Amino acid sequence: MPANKELSAALDIEGTVPIHSVQLDAMVVLKIVKHCRESAPTTVTGQLMGLDVNGVLEVTHSFPMPKNQDSEDFEGSQYQLQMMRCLREVNVDDNSVGWYQSTNMGNFMNQSLIEHQFEFQQALSKSVLIIHDVARSSMGNLNIRALRLTPAFMKLYKEKKFTTEALAKAKLTFSNILEELPVTIRNTALLNALLFELETSDDSAEISTSHLTTYKNSASSSSNKSVLTPSFDMLELSLDPYVAKNLENLMDTIDDHQQEQGNYAYWQRSVERENKKKAAYLLNRKTENARRAQIGQAPLPNEDVDAQFKLPAEPSRLDHLLISGQIDNYCKQINEFAGPTLGKLFAVGELQK
């Protein structure tokens, strides 16, 4: 019995331990990268399988969703159930723990993603979203992020009430719509042994394993080639294409933000016009009642002024939040990649003086 209690606590069957990190198997990462890269720049999605162990969400398997999932004949739930049934038959983890989506240039803050993740977290409270940026990963650094909707945003989204008053009361801004969890990549013991053997083996020796045989011909390689070969790529002064594309996306997103601001300003002007009409009506009614009282007549009956002058409903501020979050994401990326380029430009400018 004590062993069963410890196992239940570790697996968190009742779901009392919150998730604080995500652990991805190396094979899962390779599958996600391969699927996203082959379909770039088209956005693709897939399902994640695994288990929650003591607050760590271990993702051990994944499978891609078909490209025709937007068609009318496609039933995503049936496809997922069929895939999970097949995985169960071959003794692979079939517990859904979230989903993944590809993105390009960090452009993923939209209502479709928010709605999909909300449905996942409603059904599975510990589900997670994995975002893989193909453009940033193509520059040499793997970009994978694990995201979840915050409890405050989940509550507001459930109520579908994104007014200025509700956002201020919940203290919700674009920075706390999503929370990011640390991601670690796990290799199996056999894979670690293979990598260690490949790293420590002699250059001229034969590398042999149970499934891999490789020969390295030392005669064909240039032994005189220096490891520290000089490279002049760092002296290139042209603007990074990644930064230029980010600037274009940033300007487009700022235009969308300005349009949202215009819609909100139009609503404010409409409310102001109705309030002025209401105030003028009440003033006329007060003046008329005072005149009737002087001549001994009964005052006019009170009417429902609020029903007569209906104020327009405040537009949802969700789009404004998402656009602001996307602008913040673009600015962070530009700040990260523009630093080295600006440093080189200032250095050359000083040399030319």
Side-chain angles (χ1 to χ4, degrees), residues 12 14-22 52 55-57 97-99 101 103 106-131 133 143-183 246 249-250 252-272 274-275 306 311-336:
D12 191 22
E14 297 181 356
T16 56
V17 180
I19 295 176
H20 55 76
S21 64
V22 177
D52 170 34
V56 179
L57 192 65
V97 294
W99 61 298
Q101 176 179 304
T103 184
N107 183 15
F108 62 89
M109 292 285 287
N110 52 63
Q111 288 208 31
S112 176
L113 180 139
I114 296 298
E115 182 180 359
H116 201 170
Q117 180 60 21
F118 175 80
E119 293 176 355
F120 256 96
Q121 287 190 216
Q122 279 284 92
L124 304 170
S125 60
K126 296 189 177 182
S127 60
V128 70
L129 165 64
I130 299 296
I131 292 290
D133 195 326
N143 185 266
I144 287 185
R145 303 172 62 186
L147 304 173
R148 281 173 51 85
L149 295 176
T150 59
F153 183 84
M154 287 285 294
K155 182 179 179 181
L156 276 184
Y157 197 88
K158 188 175 181 180
E159 298 174 354
K160 299 293 183 180
K161 189 177 180 181
F162 289 97
T163 61
T164 304
E165 181 181 358
L167 294 178
K169 185 177 180 181
K171 298 181 180 180
L172 187 66
T173 62
F174 65 86
S175 60
N176 54 8
I177 295 178
L178 295 167
E179 58 179 349
E180 186 169 359
L181 302 177
V183 177
N246 265 281
N249 294 337
L250 178 60
D252 294 338
T253 311
I254 290 177
D255 291 339
D256 296 338
H257 184 271
Q258 186 176 3
Q259 183 177 358
E260 284 294 324
Q261 290 292 88
N263 295 337
Y264 187 75
Y266 176 78
W267 170 79
Q268 288 181 318
R269 291 193 297 268
S270 301
V271 171
E272 185 178 359
E274 292 298 322
N275 285 330
D306 293 333
L311 299 179
E314 181 179 357
S316 175
R317 305 295 288 161
L318 178 58
D319 287 337
H320 171 76
L321 284 179
L322 297 179
I323 293 174
S324 300
Q326 192 60 58
I327 291 176
D328 180 69
N329 192 25
Y330 284 141
C331 291
K332 288 180 179 179
Q333 292 180 159
I334 293 173
N335 183 49
E336 179 181 354

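Keep in mind that what you see is a predicted model, and the values were worked out from it rather than measured. All values below were derived from every heavy atom in this structure, side-chain atoms included, with hydrogens, water molecules and symmetry-related copies excluded.
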Novice: Report yes if some heavy atom in the side chain of V97 is under 4.5 Å from a heavy atom in the side chain of D52; otherwise report no.
Specialist: no
Novice: Going by heavy atoms in the side chains, are N329 and M109 under 4.5 Å from each other?
Specialist: no
Novice: May I ask you to decide if V271's main-chain N or O and N275's side chain share a donor-acceptor pair within less than 3.5 Å?
Specialist: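 Flag set: sc N275 to bb V271 pair under 3.5 Å.
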Novice: Quick one: CG on L147 to CD on Q101, what's the gap to the nearest 0.5 Å?
Specialist: 10.5 Å
Novice: Mark yes when over 12 heavy atoms from residues, nucleotides or ligands other than E180 sit less than 6.0 Å from its CD; otherwise mark no.
Specialist: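 Atom CD in E180 is packed in, count exceeds 12.
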Novice: Is there side-chain contact between N249 and N107, with heavy atoms separated by less than 4.5 Å?
Specialist: no
Novice: Hey, are the side chains of E314 and E165 touching, using non-hydrogen atoms and a 4.5 Å cut-off?
Specialist: no
Novice: Could you report the tightest heavy-atom contact between R317 and T163, atom names first, then the distance?
Specialist: CG-C, 4.2 Å
Novice: Passes side-chain contact (heavy atoms from CB on, under 4.5 Å), S21 versus L181? Steps please.
Specialist: CA-CA 5 Å; S21 64; L181 302 177; 5.7 Å; no
Novice: What pair of heavy atoms forms the shortest contact from A152 to A170, and how long is it?
Specialist: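 So the minimum-distance heavy-atom pair works out to CB-O, 4.5 Å.
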Novice: Kindly confirm or rule out a cation-pi arrangement of K160 over Y157, judged by NZ or CZ under 6.0 Å from the six-membered ring centre and within 45° of its axis?
Specialist: yes
Novice: Would you indicate whether the side-chain heavy atoms of L321 and L167 approach each other to under 4.5 Å?
Specialist: yes
Novice: Going from CG on L57 to CD1 on I19, what distance comes out if it is rounded to the nearest 0.5 angstrom?
Specialist: 4.5 Å
Novice: In sequence, state the C-alpha distance, the side-chain angles, and the governing distance for L250 and I327, and then conclude on side-chain contact (heavy atoms from CB on, under 4.5 Å).
Specialist: CA-CA 6 Å; L250 178 60; I327 291 176; 3.8 Å; yes
Novice: Is it true that the side chains of Q121 and Q117 contain a donor and an acceptor less than 3.5 Å apart?
Specialist: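 On atom types as modelled, these side chains qualify, holding a pair under 3.5 Å.
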Novice: How long is the straight-line distance from CG of L149 back to CG of L156, given to the nearest 0.5 Å?
Specialist: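 These two atoms lie 11.5 Å from each other.
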Novice: Roughly how far, to the nearest 0.5 Å, is the CD1 atom of I114 from the CG atom of L129?
Specialist: 8.5 Å
Novice: Does I144 reach the side chain of I130, with side-chain heavy atoms less than 4.5 Å apart?
Specialist: yes
Novice: Under 4.5 Å between any side-chain heavy atoms of Y264 and H320, yes or no?
Specialist: no
Novice: Taking all heavy atoms of L178 and all of F108, pick out the closest pair and write down the distance.
Specialist: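 So the minimum-distance heavy-atom pair works out to CD1-CE1, 4.1 Å.
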Novice: Verify, without hydrogens or angle tests, whether Q326 (side chain) and G106 (backbone) share a donor-acceptor contact under 3.5 angstrom.
Specialist: yes
Novice: Is there a donor-acceptor contact under 3.5 Å from the side chain of R145 to the main chain of D133?
Specialist: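 Judged by distance alone, no pair lies under 3.5 Å.
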Novice: From L113 CG over to I131 CD1, what is the distance, rounded to the nearest 0.5 angstrom?
Specialist: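 Spacing of CG (L113) from CD1 (I131) equals 5.0 Å.
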Novice: Considering only heavy atoms from C-beta outward, does the side chain of I323 approach that of E260 to under 4.5 Å?
Specialist: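 Yes, side chains in contact.
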Novice: Please check if the side chain of W267 supplies one atom and the backbone of A313 the other of a donor-acceptor pair under 3.5 Å.
Specialist: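 Checking the backbone N and O of A313 against the side chain of W267, a donor-acceptor pair under 3.5 Å is found.
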Novice: Do other residues, nucleotides or ligands put more than 12 heavy atoms under 6.0 Å from E159 CD?
Specialist: yes
Novice: Tell me the closest heavy-atom pair linking K161 and A166, and the distance in Å.
Specialist: O-CB, 3.6 Å
Novice: Supply the atom-to-atom distance L318 CG to Q111 CD, rounded to the nearest 0.5 angstrom.
Specialist: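 It comes to 4.5 Å.
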Novice: Do F174 and F153 have ring centroids that are under 6.0 Å from one another?
Specialist: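 Not close enough - the centres of the two rings lie 6.0 Å or further apart.
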Novice: Return yes if some donor-acceptor pair links the side-chain N/O of T150 with the main-chain N/O of N176 below 3.5 Å, else return no.
Specialist: yes
